[in-house]
Amino acid sequence: MGTVVLKLTNEKQESVISDFEGARISPPAYARFAARTPGCIVTVYNSGKVMFQGQDAEIISARYGSAIAKKTASTASATLPEGFAEWSVVGSDEVGKGDFFGPLVVVAAYVDHSHIELVRELGVRDSKNVSDPEIRKIARDLHAVIPYDYRILHNPEYNRMQQTMTQGKMTALLHNTALNGLLEKLDHPPQAILIDQFAEKATYYKHLSGEAKQVKDNVYFSTKAEGLHVAVAAASILARAIFLKEMDHLSRQAGTEIPKGAGAKVDQVAASLLLRYGSDRLKDWTKFHFANTKKAQALAEKRSRP
């Protein structure tokens, strides 16, 4: 099935709507019009983009303009099959690895080929370029549109596991369990799985060597995977939204706003919490093996001196 996306003027959008009025169907979210003919589904989005899907997509779309050139990362052709960005894909990404406070969160999200343009219309892109309020809004919309699964490794369990394994292994285990959980929900397998690469493929599967159920079929790994398929970008946004919710919960517990990251502000807040609640409580809220712990302890000791 072919897919063509055009960016059209208001006048041309109205022409499309007029031409297909007799085949109108209920439009998806963020679209103002949709129609179904024997050879093509036409969707007019609020953004001005018009998507043509079906065996006659190229023929019909040619009446209205030229297709939008799709930008992909320069590494895509070297690591992924041609046309991968338009496949039905499960994307997997994690959030929280570099944050002193808060858990490690992994999300696996599935975007079917037929939903790719809709997901883009929701504003899905690299979460690093999206503000926290927008992250929350997009995540709420995604929740109603695509299937996904997630795993949260809270700080007490993280610190326990860290005694015997690396953060990389913990991350690999979370990806694998989230992927297994999502695949069990799907009616049919995806064309591929794309994991935002945090370790080499051989290392990733070495981390999973003790796991009875490993996801291995049609799995690809790539850095900057958010730019290679919208499923990874969606997973990243959902993971970030879950992480933000967990941070809200920690802030309520601590009675102060908990900062993200691992910078100087984090050290200052951690020192205050250490003096107020003690080391055991701080450990419940942080990745205790980070260098921030010693920095916070030094600050707390300095503040407590007469």
Side-chain angles (χ1 to χ4, degrees), residues 91-109 127-128 132 135-136 139-140 142-143 148-182 184-185 195-196 198-199 204 207-208 210-211 213 215 234-263 265-297 300:
S92 189
D93 201 2
E94 77 283 334
V95 169
K97 283 197 306 184
D99 294 89
F100 181 52
F101 286 99
L104 181 58
V105 179
V106 171
V107 168
S127 64
K128 300 180 190 66
D132 287 350
I135 287 278
R136 296 178 194 265
R140 287 194 295 270
L142 285 174
H143 178 75
Y148 66 95
D149 205 336
Y150 66 92
R151 294 294 184 274
I152 304 175
L153 188 59
H154 291 99
N155 296 112
E157 183 67 6
Y158 176 100
N159 290 323
R160 185 190 68 77
M161 293 175 68
Q162 192 274 326
Q163 299 301 310
T164 58
M165 66 180 70
T166 64
Q167 189 188 70
K169 182 170 183 175
M170 287 186 270
T171 306
L173 292 171
L174 290 178
H175 275 274
N176 189 60
T177 52
L179 288 168
N180 271 311
L182 177 58
E184 289 176 0
K185 296 179 182 179
I195 298 174
D196 191 50
F198 58 91
Y204 175 86
H207 288 325
L208 301 183
E211 297 300 295
K213 196 173 182 181
V215 176
S236 179
I237 282 178
L238 287 164
R240 185 69 175 172
I242 293 168
F243 179 79
L244 291 173
K245 186 176 180 180
E246 291 295 320
M247 291 292 277
D248 290 343
H249 179 64
L250 289 185
S251 294
R252 288 192 294 270
Q253 286 187 329
T256 189
E257 184 177 352
I258 299 294
K260 297 179 283 293
K265 183 178 180 181
V266 167
D267 299 335
Q268 295 289 340
V269 172
S272 297
L273 295 176
L274 186 61
L275 289 170
R276 190 186 311 173
Y277 297 106
S279 181
D280 288 344
R281 193 61 172 145
L282 183 65
K283 193 172 184 179
D284 286 342
W285 297 332
T286 65
K287 301 175 183 71
F288 210 64
H289 67 107
F290 276 30
N292 301 84
T293 297
K294 290 184 178 180
K295 294 178 183 178
Q297 289 169 340

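Scanning for side chain to side chain donor-acceptor pair (under 3.5 Å) contacts around Arg140 gives an empty result, with sequence neighbours left out. With sequence neighbours left out, Tyr204 forms a side chain to side chain donor-acceptor pair (under 3.5 Å) with no residue at all. Residues satisfying the salt bridge (charged side-chain N to carboxylate O under 4.0 Å, His left out) test with Lys97, not counting sequence neighbours, are Glu94.
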| Which is it for Asp284 and Asn155 under the side-chain hydrogen bond (donor to acceptor under 3.5 Å, both in side chains) test, yes or no, and what are the steps along the way? | CA-CA 6 Å; Asp284 286 342; Asn155 296 112; over 6 Å; no
| request: Output, in order, the C-alpha distance, side-chain angles, deciding distance and verdict of side-chain hydrogen bond (donor to acceptor under 3.5 Å, both in side chains) for Gln163 and His289. | output: CA-CA 9 Å; Gln163 299 301 310; His289 67 107; over 6 Å; no
| Could you walk me through whether His207 and Phe198 pass the ring-ring contact (aromatic ring centres under 6.0 Å, His included) check? | CA-CA 12 Å; His207 288 325; Phe198 58 91; 7.5 Å; no
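The pair Arg240-Asp93 does not meet the salt-bridge criterion, since no charged nitrogen lies less than 4.0 angstrom from a carboxylate oxygen. Taking a cutoff of 4.0 Å between a charged side-chain nitrogen and a carboxylate oxygen, Asp267 and Lys294 do not qualify as a salt bridge. Contact check on Glu257 versus Arg252 returns no salt bridge, with no Lys/Arg side-chain nitrogen under 4.0 Å from an Asp/Glu carboxylate oxygen.
A distance-only check finds no donor-acceptor pair linking the side chain of Lys283 to the backbone of Pro156 [under 3.5 Å]. Judged by distance alone, with hydrogens and angles left aside, the side-chain atoms of Lys260 form no donor-acceptor pair with the main-chain N or O of Phe101 at under 3.5 Å. Distance alone, capped at 3.5 Å, places no donor-acceptor pair between the Arg151 side chain and the Leu173 backbone. Of the possible polar contacts, one joining the Asn159 side chain to the Thr286 backbone as a donor-acceptor pair under 3.5 Å is found. A donor-acceptor pair is defined here as one N or O able to donate and one able to accept, closer than 3.5 Å; such a pair exists between the side chain of Asn176 and the backbone of Lys213.
Shortest non-hydrogen contact noted between Ala270 and Ala296 is CB-CB, 3.6 Å.
Classified by interplanar angle (parallel below 30°, tilted 30° to 60°, perpendicular above 60°), the ring pair Trp285/Tyr277 is perpendicular.
Considering CG of Leu274 and CG of Asp280, their distance stands at 10.0 Å, rounded to 0.5 Å. Note: Leu179 CG to Glu184 CD = 11.5 Å, rounded to the nearest 0.5 Å.
Atom NZ of Lys185 sits in a crowded spot, with more than 12 heavy atoms from other residues, nucleotides or ligands closer than 6.0 Å. Crowding of Tyr150 atom OH: a count of heavy atoms from other residues, nucleotides or ligands under 6.0 Å not exceeding 12.
Side-chain contact between Gln162 and Gln167 is absent, with no heavy-atom pair separated by less than 4.5 Å.
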